[in-house]
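Below is one structure, written out as structure tokens; the observations come after it.
As the structure is a prediction and not an experimental result, all values here were calculated from the model.
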Amino acid sequence: MLFKRTHFCGHLDLACQGREVIVNGWIRKIRDFGKFAFVDLWDHTGIAQMVFSLEDGELSGIRQCIVGDSIGVKGKVVERKDKNPNLPTGDIEVNVLSWERYSISEPFPVSENPSEETRLKYRYLDLRTEKMQRNLRFRHEVIKEIRDHLSEKGFIEVETPILSKSTPEGARDYLVPSRLQPGHFYALPQSPQIYKQLLMIGGVDRYFQISRCFRDEDLRANRQPEFTQLDVEMAYADEEDIFSMTEALFKDVVRKVTGKEIPASFPRMTYQEAMSRYGSDKPDTRFGMLISDVTGQCRPEGFGVLEEALGRGDKVKGLVIPEKEPSRKEIDAMTDLAKEKGAGGLMWFKMKEGAIQSPVSKFLKDGGKSITEALGLREGDTAFVVASADSVASKALGAVRLYLRDLYGLVEKVKELHFLWVTDFPMFFYNEDEGRYETEHHPFTMPDPDDMDRYLDKDPEKIRSRSYDLVLNGEEIASGSVRNHIRPLQEKVFQKIGLTSEELQKRFSFFLKALQYGTPPHAGIAPGLDRFIQILLGEESIRDVIAFPKTTNAACLMTESPSEVDQVQLDELRIMVNNKN
RNA sequence: GGAGCUGUAGUUCAGUUUGGUUAGAACGCCUGCCUGUCACGCAGGAGGUCGCGAGUUCGAGUCUCGUCAGCUCCGCCA
């Protein structure tokens with residue numbers, strides 16, 4: 001029999017005193033004293049203490065229960081003799097009159113501090129923890145506020161297909177075989193990009209969607225093979241419209257879900273400045289330690305390595321961490337980071353008792369004076385310097401800068417939210433491996449028309465695109481652009497990235513055709529909700545804000561997917577599996 | 001594709017440096033005792049392919065090689 005509950009465990013308090021209540025939940029803890037037992041009963045609202053008299057035949061059955069059993073309890077709320085100030089419901093307890101054991105639990109395969117592997121295998125039990133309950137509810141609040149906000153602003157949510165078509169460029173697609181057309185495949189969407197542009201052509205005007213996106217690439221702590229984006233698109237809109245729409249949205253949502261106030265508009269930085277000063281296209285602006293170019297001031301005489309570098313046009317760049325002296329081991333770790341980014345090495349200089357200390361000062365005729373002065377090195381500081389091609393030096397120092405951030409805890413997690421627009425991304429970059437140009441953002445981005453005229457043939461990497469990223473605390477949380485709504489211009493872009501006219505015809509004729517029917521100028525953006533929620537909650541991993549996440553191997557430990565399928569299914573799809581390699 | 005860390009009882013871990021008796025602890029589980037706990041307490045008990053496979057050795061949880069899995073990072077992720 002089901003006890004129809006009158007209250008949730010966490011809502012019981014002194015106001016219920018003397019009342020007969022019914023609560024349902026899971027046993028969290030049993031403390032058995034022989035003549036009676038305390039049972040901590042948990043539901044999604046919290047814990048309340050039940051008191052079972054064990055001298056009563058029916059109630060003594062609680063002794064057969066273990067943690068995890070699902071039970072219903074009818075009892076009287078009474079004020080406690082010994083209150084527990086650590087428990088929200090610690091003023092009261094429930095004297096049990098009758099109860100029902102709904103289902104029996106196996107002993108829990110998880111403990112209070114389970115490993116990631118155990119958590120993922122028994123995710124449904126992990127979800128019963130306070131943290132996961134809080135995170136799922138918080139996520140719901142964020143999405144609800146987004147829907148409310150955009151609905152009020154005249155946006156409508158439109159669903160787009162999951163069984164979709166392979167897009168050019170970008171990530172590896174997840175493919176779904178077609179049974180009715182053997183040898184043909186759907187692709188799961190990497191984003192609803194083309195559909196939302198078609199919705200603009202279709203007169204929807206203001207669209208959004210909480211949409212699932214799929215990318216078959218290697219995973220990270222903040223990257224899952226399927227993830228959730230807030231996809232937004234506006235007709236007759238440009239950068240400024242998207243910026244102000246997004247700023248208003250984030251300000252409203254952040255206030256409603258966290259109570260925090262963020263600025264009404266976010267600072268902006270060009271891609272070029274981000275790269276040269278922060279060594280990253282997603283700069284963490286919560287702290288300083290910017291990268292300086294000291295090529296001009298640097299006197300390399302005597303140090304062959306540096307002389308040669310400057311001879312071939314390399315840059316000398318550096319940054320200073322004030323009043324810190326990293327250890328030998330830490331410097332080694334930073335050197336490895338710099339090398340990973342392509343730098344030949346990492347020089348360092350310390351200022352102690354007015355003298356420069358550095359492993360390279362003995363080579364330099366000026367002992368490193370020109371470099372440290374240019375960087376403004378002061379007593380007790382340490383400077384890190386890289387001599388490499390401009391972008392390599394910046395990226396290497398960008399990695400060093402983040403290492404120092406984490407080493408010395410230079411930012412307080414969660415407390416501050418630093419939003420930043422990064423603009424003026426390049427339209428194209430040259431892919432050495434493939435021997436062709438690719439788009440930095442995606443091919444549907446509007447290139448700067450003047451740059452296009454000027455550089456398309458001679459220097460395509462100089463062409464700027466009308467795209468932008470939104471960065472929060474050093475993490476990319478949204479990406480968008482003004483779209484290319486002019487068919488001939490769109491064709492030019494496709495040509496530049498090496499799509500032949502046959503390929504174009506085969507894969508995109510529908511889209512190019514659609515562009516011919518009075519496409520409104522339009523622009524959009526797509527914030528990644530998993531990351532945004534992760535940052536607001538201060539979680540280390542995106543997995544902690546997703547109910548059923550996958551491992552770094554893109555597997556689900558709970559369902560054991562992916563898995564083999566029956567031969568019958570493969571035959572139906574006319575698929576033969578090649579197990580070689 | 002590459003690098004690092006980890007894998008021992010149901011769970012979380014110690015033991016691996018320096019190979020050697022019967023692989024330990026805590027929590028959980030089982031049995032019993034206990035009138036006020038909230039990390040209840042007390043007594044007793046069960047529970048192990050040391051991830052898997054080779055190899056070295058008289059002898060491997062411990063050393064070597066391979067492999068699988070989890071995590072973190074690089075490449076990759078328009």
With C1' as the reference atom in both, quote the distance from B/C13 to B/U64 in angstrom, rounded to an integer. 27 Å
Partner residues of A/Met275 under the side chain to side chain contact (heavy atoms under 4.5 Å, CB included) criterion, sequence neighbours left out: A/Tyr271, A/Asp281, A/Lys395
Can you pull the side-chain hydrogen bond (donor to acceptor under 3.5 Å, both in side chains) pairs that have at least one residue in residues 52-65 of chain A, sequence neighbours excluded? A/Asp32-A/Arg63
How would you label the contact of A/Thr439 with the nucleic acid (heavy atoms, under 4.0 Å): base, sugar-phosphate, or nothing? sugar-phosphate
Rounded to whole angstrom, note down the C1' distance from B/G48 over to B/C58. 26 Å
Whole angstrom is fine here: how far is it from CD in A/Gln224 over to C1' in B/C71? 13 Å
Between atom NZ in A/Lys121 and atom C1' in B/C71, what is the gap in whole Å? 17 Å
Those residues that, when tested against A/Lys83, pass salt bridge (Lys or Arg N to Asp or Glu O under 4.0 Å) (two or more places apart): A/Glu79
Does B/C40 have its OP1 or OP2 closer than 4.0 Å to a side-chain nitrogen or oxygen of A/Lys29? yes
Between A/Thr118 and A/Leu87, just flag the one whose closest nucleotide in RNA chain B comes earlier from the 5' side. A/Thr118
A/Asn553 side chain N/O closer than 4.0 Å to the phosphate oxygens (OP1, OP2) of B/A69? yes
Counting any heavy atom closer than 4.0 Å, what does A/Leu219 reach on the DNA or RNA strands: base, sugar-phosphate only, or nothing? nothing
Hey, is the side chain of A/Lys83 poking within less than 4.0 Å of OP1 or OP2 on B/C38, counting only N and O atoms? no
For the P atoms, the ones on B/A46 and on B/U35, what distance do you get once it is rounded to whole angstrom? 28 Å
Assign A/Ser191 to base, sugar-phosphate, or nothing according to its heavy-atom contacts below 4.0 angstrom with the strands shown. base
Rounding to an integer number of angstrom, what distance separates B/G1 and B/U18 when you compare their P atoms? 34 Å
Length of the line joining A/Glu116:CD and B/C13:P, which is rounded to integer Å: 12 Å
Rounded to whole Å, the CD-P distance (A/Glu112 to B/C38) equals 14 Å
Starting at CE of A/Met50 and ending at P of B/C38, how long is that distance when rounded to a whole Å? 18 Å
Whole angstrom value for the distance that separates P of B/U12 from OH of A/Tyr122: 10 Å
A/Gln229 side chain to A/Ala478 backbone, donor-acceptor under 3.5 Å: no
Quote, to the nearest angstrom, the C1' distance that separates B/U21 from B/A26. 25 Å
On RNA chain B, does the nearest nucleotide to A/Arg215 precede the nearest nucleotide to A/Ser541 from the 5' side, or the other way round? Give the residue. A/Ser541
Find every protein N or O atom lying less than 3.5 Å from an N or O atom of nucleotides 1-7 of chain B, and list the pairs.
| unit_1 | atom_1 | unit_2 | atom_2 | d |
| --- | --- | --- | --- | --- |
| B/G1 | O6 | A/Asp218 | OD2 | 3.2 |

By side chain to side chain contact (heavy atoms under 4.5 Å, CB included), which residues pair with A/Ser105, not counting sequence neighbours? A/Asp69, A/Phe108
List in chain and number order the residues that pass side chain to side chain donor-acceptor pair (under 3.5 Å) with A/Thr551, two or more places apart in sequence or in another chain; answer none if no residue qualifies. none
Examine B/G70: is either OP1 or OP2 under 4.0 Å from a nitrogen or oxygen in the side chain of A/Ser115? Give yes or no. no
Taking salt bridge (Lys or Arg N to Asp or Glu O under 4.0 Å) as the definition, give me every residue that meets it alongside A/Asp459, ordered by chain and number, with sequence neighbours left out. A/Lys462
Integer-rounded Å distance: B/U12 C1' and A/Glu117 CD: 13 Å
Any side-chain N or O of A/Arg31 less than 4.0 Å from the OP1 or OP2 oxygen of B/C40? yes
Return the set of residues passing side chain to side chain contact (heavy atoms under 4.5 Å, CB included) with A/Arg436 (not counting sequence neighbours), or none when no residue passes. A/Glu169, A/Glu434, A/Glu438, A/Ile497
Got a sec, which pairs hit salt bridge (charged side-chain N to carboxylate O under 4.0 Å, His left out) with one end in residues 479-501 of chain A, sequence neighbours left out? A/Glu233-A/Arg483, A/Arg487-A/Glu491
So with a 6.0 Å cut-off around OH of A/Tyr186, is the heavy-atom count from everything else above 12? no
Are A/Glu217 and A/Arg223 ion-paired here, with the side-chain N under 4.0 Å from a carboxylate O? no
Can you list, in residue-number order, the parts of residues 476-501 of chain A that come under 4.0 Å of RNA chain B, counting heavy atoms only? none
Verify, without hydrogens or angle tests, whether A/Glu93 (side chain) and A/Arg80 (backbone) share a donor-acceptor contact under 3.5 angstrom. no
Would you say A/Asn84 reaches B/U37's phosphate, i.e. side-chain N/O to OP1/OP2 under 4.0 Å? no
For A/Val67, give me all partners under side chain to side chain contact (heavy atoms under 4.5 Å, CB included), at least two apart in sequence or on another chain. none
Distance test, side-chain N/O of A/Ser111 to OP1/OP2 of B/C27, below 4.0 Å: no
Give me, pair by pair, the N or O atoms of the protein and of nucleotides 34-36 of chain B that are less than 3.5 Å apart, along with how far apart they are.
| unit_1 | atom_1 | unit_2 | atom_2 | d |
| --- | --- | --- | --- | --- |
| B/C34 | N3 | A/Asp32 | O | 3.0 |
| B/C34 | N3 | A/Gly34 | N | 3.4 |
| B/C34 | N4 | A/Asp32 | OD1 | 3.0 |
| B/C34 | N4 | A/Gly34 | N | 3.3 |
| B/C34 | N4 | A/Arg63 | NH2 | 3.4 |
| B/U35 | OP2 | A/Phe33 | O | 3.4 |
| B/G36 | O2' | A/Asp82 | OD2 | 2.7 |
| B/G36 | N1 | A/Glu93 | OE2 | 3.0 |
| B/G36 | N2 | A/Glu93 | OE1 | 2.6 |
| B/G36 | N2 | A/Glu93 | OE2 | 3.0 |

